[in-house]
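A, B, ... follow the sequence lines: proteins, then strands. Residue 1 opens every chain. The basis for the numbers below is simple: all heavy atoms, side chains too, and nothing from hydrogens, waters or symmetry mates. Worth saying up front: this structure is predicted, and the values here are computed from it rather than measured.
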Number of protein chains: 2
Amino acid sequence: MADPERSTELLWGAKGRRGLNTQRIVRAAIEVAAAEGLEAVSMRRVAERLGFTTMSLYRHVPGKAELIDLMRDEVMGEAAPGDGGPGRETGWRGEIASWARASLALYRRHPWLTESPGTRSVPGPNAVAGFDWALGVVSRTGLPPAQVVAVVTFVGGFVESAARRIVETERMERLTGVGEEEWWGARGSLFDRLRDDYPALERVYREGAYDEPLDPFEFGLERVLDSIEVLVRDERRDESRCQVCGNPVETPAKGRPRSYCSRACQQRAYRMRRG
Amino acid sequence: MADPERSTELLWGAKGRRGLNTQRIVRAAIEVAAAEGLEAVSMRRVAERLGFTTMSLYRHVPGKAELIDLMRDEVMGEAAPGDGGPGRETGWRGEIASWARASLALYRRHPWLTESPGTRSVPGPNAVAGFDWALGVVSRTGLPPAQVVAVVTFVGGFVESAARRIVETERMERLTGVGEEEWWGARGSLFDRLRDDYPALERVYREGAYDEPLDPFEFGLERVLDSIEVLVRDERRDESRCQVCGNPVETPAKGRPRSYCSRACQQRAYRMRRG
DNA sequence: TCCGCTTGTTTATGGCGTACACATAGTTGT
DNA sequence: ACAACTATGTGTACGCCATAAACAAGCGGA
């Protein structure tokens with residue numbers, strides 16, 4: 001019972017402060033990335049921040065690439081289905097929009113996500129959870145499963161692309177101190193001289209395309225949702241596509257028209273019907 | 001007239017072989033990236049390939065970041081409008097599809113493009129030329145200029161996103177030697193145990209979503225084109241949007257309905273009408 | 001007590017981008 | 001013709017990076 005200082009440390013701080021573990025390393029790396037960008041994340045910097053030597057990290061993490069994978073999956077957990085989506089919109093259109101906006105918010109909260117490799121690595125549990133959540137949302141459209149997956153991929157790709165653009169633009173503005181419209185404005189005179197080289201650009205510029213530019217994310221999201229709406233509407237009674245996988249199905253010249261593209265899909269539909 | 005060896009060198013090789021210049025450096029860097037990937041591109045490696053010292057490069061290129069910018073712009077020149085588009089499809093839908101497929105081909109020809117920073121830097125002349133070409137294609141839809149720019153951004157973002165996914169998938173397969181469907185197949189048993197954690201994923205998987213997956217690029221392209229079609233159709237007589245910039249325009253309760261969202265757009269329309 | 005395992009440290013290697021001082025060849029002004 | 005200057009390539013050096021390999025200290029069980 002002597003030395004209450006040490007007792008307290010052991011009881012309360014043992015797991016938390018004493019000793020290294022994977023989670024502490026990952027969290028420290030995220031802090032470095034948040035403060036100074038992904039390119040500032042090095043094994044040295046992370047170890048310094050934790051008060052350990054560089055090599056100590058390798059007892060808990062195989063290498064830097066894996067550390068970045070872990071960082072990605074860690075923050076992916078923030079958009080977990082637990083919160084039930086931020087907007088609580090009704091109908092699949094609103095739900096997908098909410099999902100897209102929540103994903104964008106995630107990318108903006110962690111701008112380094114757009115710089116890190118991405119699909120290169122094995123998806124982690126949190127990433128899969130987000131994927132699963134999105135599948136659930138898109139499933140409510142009633143599309144066949146293969147199309148549900150394709151739609152989730154499509155929307156996810158759009159959001160990542162738009163987020164990358166936004167984050168890069170913001171970084172550019174912060175770095176150079178000059179906003180986008182000023183930049184284009186300053187180039188106006190340049191375009192005057194390049195009128196012959198870039199006729200279409202010169203034309204839309206002259207017609208005021210850049211005076212009140214549309215928000216790329218909201219514009220793109222609207223397009224994405226429109227396209228899904230077309231798909232859902234057409235899919236309802238489109239006899240020319242397989243009910244299971246959505247691939248086109250050949251219509252035989254005579255006889256009963258087919259509902260499935262292959263014997264395999266027919267069997268799957270049967271099994272689904274049975275439970 | 002003595003030493004024909006040297007004379008030949010001077011006459012034929014002077015510009016081509018003797019001496020360094022920016023273009024030779026850029027081309028050598030592209031060769032390295034093509035052979036061993038972007039991460040293998042270092043100032044040392046590029047200099048070695050040219051038979052010069054590392055530091056000699058800095059007489060012609062400010063630094064590595066700028067070199068990569070130059071590499072990007074160099075290959076962007078390949079999709080120049082000169083070839084008139086590869087498919088020579090008719091109608092804006094076919095033209096945009098051709099543009100998208102040509103861009104995808106460019107990314108596949110130079111997989112390192114998807115790894116390099118991207119929008120981070122100032123666009124080069126060839127990139128702007130490609131942008132200009134795309135603007136010309138999309139302009140034929142008859143959309144207002146601000147929407148033309150937004151559509152080009154949208155389509156370009158989609159293609160880059162899809163290309164990144166494709167290139168990463170291919171690299172993964174080449175690296176691990178295992179195809180995507182095998183990978184998911186091997187994880188099938190894993191999903192069985194995680195049935196409770198990922199219900200939606202488990203469900204679409206069981207319903208055969210991955211048995212005959214849709215091509216993400218072709219599926220997405222179809223969606224993108226559908227959404228533009230909706231936009232073009234709606235835009236034809238949509239009185240609630242500005243004819244110039246496409247922003248929504250307020251409808252006054254009484255009196256003549258407005259055609260433009262602002263005095264500025266009204267003036268621009270007037271100027272355009274006059275020539 | 002000794003053994004083996006976990007965890008953190010020390011030292012070393014090879015690669016990277018690039019700053020800086022120097023060398024040499026070509027050009028220009030007188 | 002000669003000096004000054006500029007353009008271009010080289011050699012050396014610094015600090016950072018990821019990580020391999022050997023080592024050391026603590027700790028649990030036999």
Name all residues meeting the salt bridge (Lys or Arg N to Asp or Glu O under 4.0 Å) criterion together with B:Arg59; count only those two or more places apart in sequence or in a different chain, and write none if there are none. none
Hits for salt bridge (Lys or Arg N to Asp or Glu O under 4.0 Å) against A:Glu48, two or more places apart or cross-chain, chain-then-number order -> none
Classify every nucleotide of nucleotides 15-23 of chain C by which part a protein heavy atom approaches to under 4.0 Å, writing B for the base, S for the sugar-phosphate alone and - for neither, in 5'-to-3' order. -BBBBBBB-
Taking the inter-plane angle between the rings of B:Phe217 and B:Phe158 on a 0 to 90° scale, is it parallel (under 30°), tilted (30 to 60°) or perpendicular (over 60°)? parallel
Do any side-chain nitrogens or oxygens of A:His60 fall under 4.0 Å of OP1 or OP2 in C:dT6? no
Quickly work out the B:Leu20 CG to C:dA25 P distance and round it to whole Å. 18 Å
What residues, two or more places apart in sequence or in another chain, satisfy side-chain contact (heavy atoms from CB on, under 4.5 Å) together with B:Thr53? B:Ser56
State whether B:Phe219 and B:Arg223 meet the cation-pi test: NZ (Lys) or CZ (Arg) under 6.0 Å from the six-membered ring centroid, and within 45° of the perpendicular axis. yes
To the nearest angstrom, the CG-C1' distance between A:Leu50 and C:dT7 comes to 15 Å
Measure the distance from CZ on A:Phe52 to C1' on C:dT9 and round it to the nearest whole Å. 12 Å
How far does CD of B:Glu170 sit from CD of B:Glu168, to the nearest 0.5 angstrom? 10.5 Å
Please check the phosphate of C:dT9 (OP1 and OP2 only) for any side-chain N or O of A:Thr53 closer than 4.0 Å. yes
Could you pull out all residues at least two apart from B:Glu66 that satisfy salt bridge (Lys or Arg N to Asp or Glu O under 4.0 Å)? none
To the nearest angstrom, how far is A:Ile68 atom CD1 from D:dC17 atom P? 13 Å
Short heteroatom pairs, N/O only, protein and nucleotides 4-6 of chain D, under 3.5 Å:
none

Verify side chain to side chain donor-acceptor pair (under 3.5 Å) between B:Arg72 and B:Ser116, making sure each step is shown before the conclusion. CA-CA 8 Å; B:Arg72 287 182 63 85; B:Ser116 62; 2.6 Å; yes
